[in-house]
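Report on one structure; see the data block that follows.
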Amino acid sequence: MGMTFFEKVWDEHIVHRFTETEALLSIDRLILHDMSGSEALYQLDKSGRTPFSPEMVFTTIDHFIATFPGRGPNDERTVSTIGTGSAKGAGVERMNILRTLSLKFGVNFFDIGSPNQGITHVMATEAGIALPGVMLVCGDSHTSTIGGIGAVAWGIGASEAQHVAATQTLLQTKPKMMRIKLEGRPGPNVSAKDMVLHLIRQIGAQAGVGYAVEFAGSAVRDMPVEQRLTLCNMAIEFSAKMAFVPADEKTFEYLKGREFAPKHKAWNAAVAHWRTLHSDDDAVFDTEITCDVSGLEPQVTWGLSPAHTLGLHEQVPDPAAETDPQRRAAMERALTYMQLEPGEILAGQKIDVAYIGTCTNSRLSDLREAAKILRGRKVAEGVQAVCVTGSSSVKAAAEAEGLDKIFKAAGFEWDESGCFGCTGLPSARGARTVSSANRNFENRGGLQTRTHLASPATVAASAVAGCIADVGDYLGQGA
Amino acid sequence: MEPFVRTTGVAAAIIRNNIDTDQISPGLYAANTPKEKHAAALFGNMRYLQGGKPNPDFILNKTPWTEAEILVTGENFGCGSSREAAAKALRAFGFRAVIAPSFGGILFNNCFRNGILPVVLPKDVVQRLAQDAEHAAGGARITVDLEALTVTDTDGNSYNFTSPVQQRSMLLQGLDEIDFTLSMRGEIEAFRNADKALRPWIYTPGLNVG
Ligand code: SF4
């Protein structure tokens, strides 16, 4: 019987097998950020231990840093979400713990000012730290993003991160395997974000519980690498443990020459190895799903779960038609919170805030897509528009192409890189927000903020229109 | 880690699917947060009213559930963000076990490392246990036994569950996981030496040969 990509990578990393499904795995890359990573290093230091393999550990600051233009290394972001203990200054303390201990332990550290500083899931592939076939962990749920380049990457908690730092290994139970094929050619101006929102609507926000998910199918093969990263990023939103797209020629081309990728002969040897890491034709998955994306229109969420997704021109569903009582209650709660009525159309809903950023959609290609719409146009009166770049190198590359000028001329705030805004722009309290982020949970985007998730292109079009808008109205419908 | 063998106690039922870690522990960013703060943060947005007063309708604010040690809850408990504060908040409040039809993967592992046993049981069993939990005021108690791998309700009905072998044995003994792994240092080194020959670029990021 053939093997799946995941089984091949799993087997390659077994240091010790406890049972058929439980093993101590060797971890190739540990990435840590100032929120959970500072906790992991703090506890490691307190216990008198040091990293087992500091050259395999990469740290950066993304969660607590402010992103306003010209920010300094100790400028803390403003917190907008509710919480009982997030006192002012706590973020600065966390950043400094990460900074001090990263230097003390001699790990690869990207401080504010370094080109590699940025959202961990953005910088990891940009810098070539993540590579095909590696096992990579980070104290952050959206680590699955990195699977888009064919890595086996997943999020862990702070004490697991401490364990990896101390041993460069992790005890894991093998997840079940699922393959999801996205087939067909979507309609014009449709990105991976639209496809994955559509997928989650079809399969539900819990379909992935306990699974490692391989994305396959013609639509995935056709996708540029950065779109695959968006696709895998959102796998967490249907509760998968991780997701990946095994590497192909596009992946190799994307990674070649990046700072921490192997070079010359080492590169050739690596590529030869990576070519063996794909699912065999007769490999068996525990679950297989096929999702047709032919002719798909841009998608936007209407409720409080990524499964609450609609095409721009579809009607908001009526909970009265839902037979499952739990689901009906969730829909009713969502409609009240979002201030929407059954039968309404999302296109045309007036917005207050447009936000482009986060590990989902803040890469160079995302900014280019948005800039196509913003070029020569202006953000509508009364709409606050913000773009937070995913990493300092993304920001620099975008500026080298003049994208910053397009955003600024349109009336967008053009920010330094970080996570800011993902858990809410302080000014967005109670606002209707169109966002390129990944979570539309209650209060996630700020207190009472009504968040509609969408692609960066849809966010840009909506910013210009002042309401949820169709990219096609600005770019034409030609494929 | 803090050992867990078995516990008999008051169970609180919060039957809702997809309770994410943002809901379990909102906020809390300070390093080395004291236990009391973790305990206070638990289910913050449901447990308190505007202004910070306890919400009298929330189960954990009512006797005897203020003393609850077992949480009975819905599918996909602890999905969402990786924050370990969620597990710490559950433990700091006093929980020793969480029973659900399924869990978010990161929280499942975080529970073990914080002295909490996550128990997966079928939906209908969880429903029955939730009904039992409602009668805690009348003296109903649930027993969770990791050694025997059983959950027993007040009427003596017993349900078997499974638990990852290695994590179970560490939790039963209260082993320090890092010490345990480092006792296998020889095996780790041997693996790395063999792997280095196969995948040298892993061990020297940016390896430039040729
Ligand atoms: S951008 Fe948001 S989801 Fe992504 S790592 Fe940062 S806080 Fe998490």
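Within every chain, numbering begins at 1; the chains are lettered A, B, ... in the order of the sequence lines, protein sequences first and strands thereafter.
To the nearest 0.5 angstrom, B/Asp20 atom CG is 9.5 Å from A/Glu442 atom CD. The distance from the CD atom of B/Glu75 to the CD atom of A/Gln326 is 7.5 Å, given to the nearest 0.5 Å. Atoms OG and CD1, on A/Ser47 and B/Ile178 in that order, are 5.5 Å from each other to the nearest 0.5 Å. Here CZ of B/Phe108 is found 10.0 Å from NZ of A/Lys241. Values are rounded to the nearest 0.5 Å. One distance of note links NE2 of A/His264 with CG of B/Leu207; it measures 10.5 Å at 0.5 Å rounding. A/Phe441 contributes atom CZ, which lies 5.5 Å from atom SG of B/Cys79 (distance to the nearest 0.5 angstrom).
Both the backbone and the side chain of A/Ala269 come within less than 4.5 Å of a heavy atom in chain B. At a 4.5 Å heavy-atom cutoff, the contact between B/Pro164 and chain A is made by backbone and side-chain atoms alike. Contact of B/Asn17 with chain A is made through backbone and side chain together, with heavy-atom distances under 4.5 Å. Contact annotation for A/Ala270: both backbone and side-chain heavy atoms come within less than 4.5 Å of a heavy atom of chain B. Residue A/Leu170 touches chain B through its side chain alone, counting heavy-atom pairs closer than 4.5 Å. For A/Leu24, the part lying near chain B is the side chain, with the backbone staying farther off; criterion is any non-hydrogen pair under 4.5 Å. Within the 4.5 angstrom heavy-atom criterion, atoms from both the backbone and the side chain of A/Val15 approach chain B. A/Arg258 does not touch chain B: none of its heavy atoms, backbone or side chain, sits under 4.5 Å away. Interface remark: A/Glu237 contributes no atoms to any contact with chain B (heavy atom separation under 4.5 Å). No part of B/Phe112 comes within reach of chain A, as not one of its non-hydrogen atoms sits under 4.5 angstrom from that chain. Using a 4.5 Å cut-off between heavy atoms, A/Ile129 makes no contact with chain B at all. Neither the backbone nor the side chain of A/His63 comes within less than 4.5 Å of any heavy atom of chain B. In this structure, the portions of A/Glu160 lying under 4.5 Å from any heavy atom of chain B include both its backbone and its side chain. Heavy-atom distances place both the backbone and the side chain of A/Thr167 under 4.5 Å from chain B.
Each of A/Gly208, A/Ala205, A/Ala261, A/Gly128 has some count of heavy-atom pairs under 4.5 Å with chain B, and the biggest count is that of A/Ala261. Chain B forms the most heavy-atom pairs under 4.5 Å with one residue out of A/Gly210, A/Ala240, A/Gly155, A/Ala330, and that residue is A/Gly155. Top candidate by heavy-atom pairs under 4.5 Å with chain A, chosen from B/Ser102, B/Ser81, B/Ala190, is B/Ser81. For the set A/Glu12, A/Glu259, A/His142, A/Gln168, the entry with the most heavy-atom pairs within less than 4.5 Å of chain B is A/Glu12.
Residues B/Tyr203 and A/Ser53 form no side-chain contact, since every pair of their non-hydrogen atoms from C-beta on lies 4.5 Å or further apart. Looking only at side-chain heavy atoms (C-beta outward), A/His163 and B/Leu182 stay at 4.5 Å or farther from each other. Counting only heavy atoms from C-beta outward, the side chains of B/Arg192 and A/Phe52 approach each other to under 4.5 Å. Contact check for A/Leu171 versus B/Gln167: side-chain heavy atoms found under the 4.5 Å cut-off. Looking at heavy atoms from C-beta onward, A/Thr173 lies out of side-chain contact with B/Gln166 at the 4.5 angstrom threshold. No side-chain heavy atom of B/Asn109 sits less than 4.5 Å from a side-chain heavy atom of A/Ile156. Side chains of A/Lys263 and B/Val209 form no contact here, defined as non-hydrogen atoms less than 4.5 Å apart. Residues B/Ile202 and A/Arg29 are in side-chain contact: their nearest non-hydrogen atoms beyond the backbone lie under 4.5 Å apart.
The two atoms that bring B/Asn76 and A/Ser239 nearest to each other are ND2-OG, 2.7 Å, heavy atoms only.
Note on B/Arg199 versus A/Asp28: salt bridge recorded, some NZ/NE/NH1/NH2 to OD/OE distance being below 4.0 Å. With respect to the salt-bridge test (charged N to carboxylate O, under 4.0 angstrom), the residues A/Arg49 and B/Asp179 qualify.
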Test side chain to side chain donor-acceptor pair (under 3.5 Å) on B/Glu84 and A/Ser159 and set out the steps.
CA-CA 8 Å; B/Glu84 191 145 340; A/Ser159 48; 2.4 Å; yes
Before giving the answer on side-chain contact (heavy atoms from CB on, under 4.5 Å), spell out for A/Ser141 and B/Ile106 the whole-Å C-alpha distance, their side-chain angles and the decisive distance to 0.1 Å.
CA-CA 8 Å; A/Ser141 59; B/Ile106 302 176; 4.0 Å; yes
Given the rule in the side-chain contact (heavy atoms from CB on, under 4.5 Å) test, do B/Asn18 and A/Gln206 qualify, once you have shown the distances and angles that lead to the verdict?
CA-CA 8 Å; B/Asn18 302 314; A/Gln206 298 178 48; 3.1 Å; yes
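Put simply, the side chain of A/Glu22 gets close to the backbone of B/Val165: a donor and an acceptor are under 3.5 Å apart. With B/Ser82 contributing its side chain and A/Gly139 its backbone, the two residues share a donor-acceptor pair below 3.5 Å.
Between A/His273 and B/Trp201, the angle of the ring planes lies from 30° to 60°, which puts this pair in the tilted group.
Taking a 6.0 Å sphere around CD of B/Glu67, one finds it holds 12 or fewer heavy atoms contributed by other residues, nucleotides or ligands. Counted within 6.0 Å of CZ on B/Arg168, heavy atoms from surrounding residues, nucleotides or ligands total more than 12; the atom is thus considered enclosed.
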